[in-house]
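Reading through the structure tokens given below for one structure.
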Amino acid sequence: MLDRFLDWVAQLPELAVYVVLMALSALENIFPPVPADVAVVLGAFLAQRGLTSAPLLGVLCWLANTASAAGMFFYARHRGPEFFDRGWRRQLMPPETIAALQKAYSRHGVLGIFLSRFLPGVRAAVTPFAGVVGMSPLRALVPAALASAIWYAVLVGFGSFLGLNWETARAKVDDANRVLGALSVIVTVAIGVWLWRRRQKN
């Protein structure tokens with residue numbers, strides 16, 4: 001299904017390619033399974049055929065991703081703890097967990113946000129949680145935007161600057177996401193153990 005979708009994107013006019021890839025980049029912060037990374041690499045790869053501009057694509061997708069991350073931040077900031085007060089969100093983030101993580105974010109939030117924005121499955125939750133715990137927009141959104149800029153530069157590089165064929169470029173992105181995905185699991189488990197120990201002490 002993903003291959004058919006990517007083939008469809010490759011057949012679109014130039015303007016439509018930009019619009020679709022910007023939409024995917026924005027939706028990634030709302031629905032993480034969206035294949036934004038691979039699609040951006042495809043868009044950059046198309047630049048080799050003169051169908052897109054790789055630098056313009058990278059900037060536009062970064063802007064779309066950053067805008068949606070900021071939107072989720074302000075939405076969660078407006079809702080406050082109620083953002084995690086329903087269904088699976090409440091099970092994932094009970095009040096005591098939010099309180100513990102709020103203390104951790106106050107000490108290491110900027111670095112944590114920057115690094116977490118590289119982790120698949122975690123990056124989409126970074127700015128909403130920062131909004132819930134009351135971080136300032138400057139401390140939350142600047143490191144998130146910087147991390148996204150670096151990541152999109154890497155994606156565009158895979159698709160164009162390295163001069164790779166499409167299958168090789170896609171394989172490298174898949175490999176990178178697998179490694180980062182494993183790191184996100186390790187980080188999640190470590191945070192879970194840390195929170196469990198804090199709850200045991202209290």
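Since we're looking at a predicted model, the values are computed, not measured. Only heavy atoms go into these numbers, but all of them, side chains included; no hydrogens, no water, no symmetry mates.
- Note on V41 and V19: separate hydrophobic clusters, where clusters join Ile, Leu, Val, Met, Phe, Trp and Tyr whose side-chain heavy atoms are under 4.5 Å apart, directly or indirectly.
- By the criterion of side-chain heavy atoms lying less than 4.5 angstrom apart, applied directly or through intervening Ile, Leu, Val, Met, Phe, Trp or Tyr residues, F73 is not grouped with F31; the two fall into different hydrophobic clusters.
- For L115, the side-chain contact (heavy atoms from CB on, under 4.5 Å) partners are L111, not counting sequence neighbours.
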Ignoring hydrogens and angles, write down the donor-acceptor pairs under 3.5 Å from the side chains of residues 126-136, residues two or more places apart or on other chains.
residue, atom, partner, partner atom, Å
T127, OG1, A69, O, 3.1
S136, OG, R139, N, 3.2

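- Shown here for R117 and A147, the closest heavy-atom pair between the two residues is CB-CB, 3.6 Å.
- Y152 places no side-chain N or O within 3.5 Å of a backbone atom of L63 that could act as its donor or acceptor partner.
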Show the numbers, then the answer: is there a side chain to side chain contact (heavy atoms under 4.5 Å, CB included) between L141 and F74?
CA-CA 10 Å; L141 298 181; F74 285 110; 3.9 Å; yes
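- L146 and V40 end up in the same hydrophobic cluster when Ile, Leu, Val, Met, Phe, Trp and Tyr side chains are linked at under 4.5 Å.
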One pair to check against side chain to side chain contact (heavy atoms under 4.5 Å, CB included): V17 and L21. What are the steps and the verdict?
CA-CA 6 Å; V17 171; L21 297 185; 3.8 Å; yes
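- Looking at S68 and E28, their side chains never come closer than 4.5 Å, going by heavy atoms from C-beta outward.
- Atom CZ in F114 sits 9.5 Å away from atom OG in S148 (nearest 0.5 Å).
- A single hydrophobic cluster is not seen to contain both L15 and V59; linkage of ILVMFWY side chains at heavy-atom distances under 4.5 Å, directly or through other members, places them apart.
- A donor-acceptor contact shorter than 3.5 Å is absent between the side chain of W62 and the backbone of S25.
- If you take OG1 on T52 and CG on L56, they are separated by 8.5 Å, rounding to the nearest 0.5 Å.
- At least one donor-acceptor pair under 3.5 Å links the side chain of N29 to the backbone N or O of N65.
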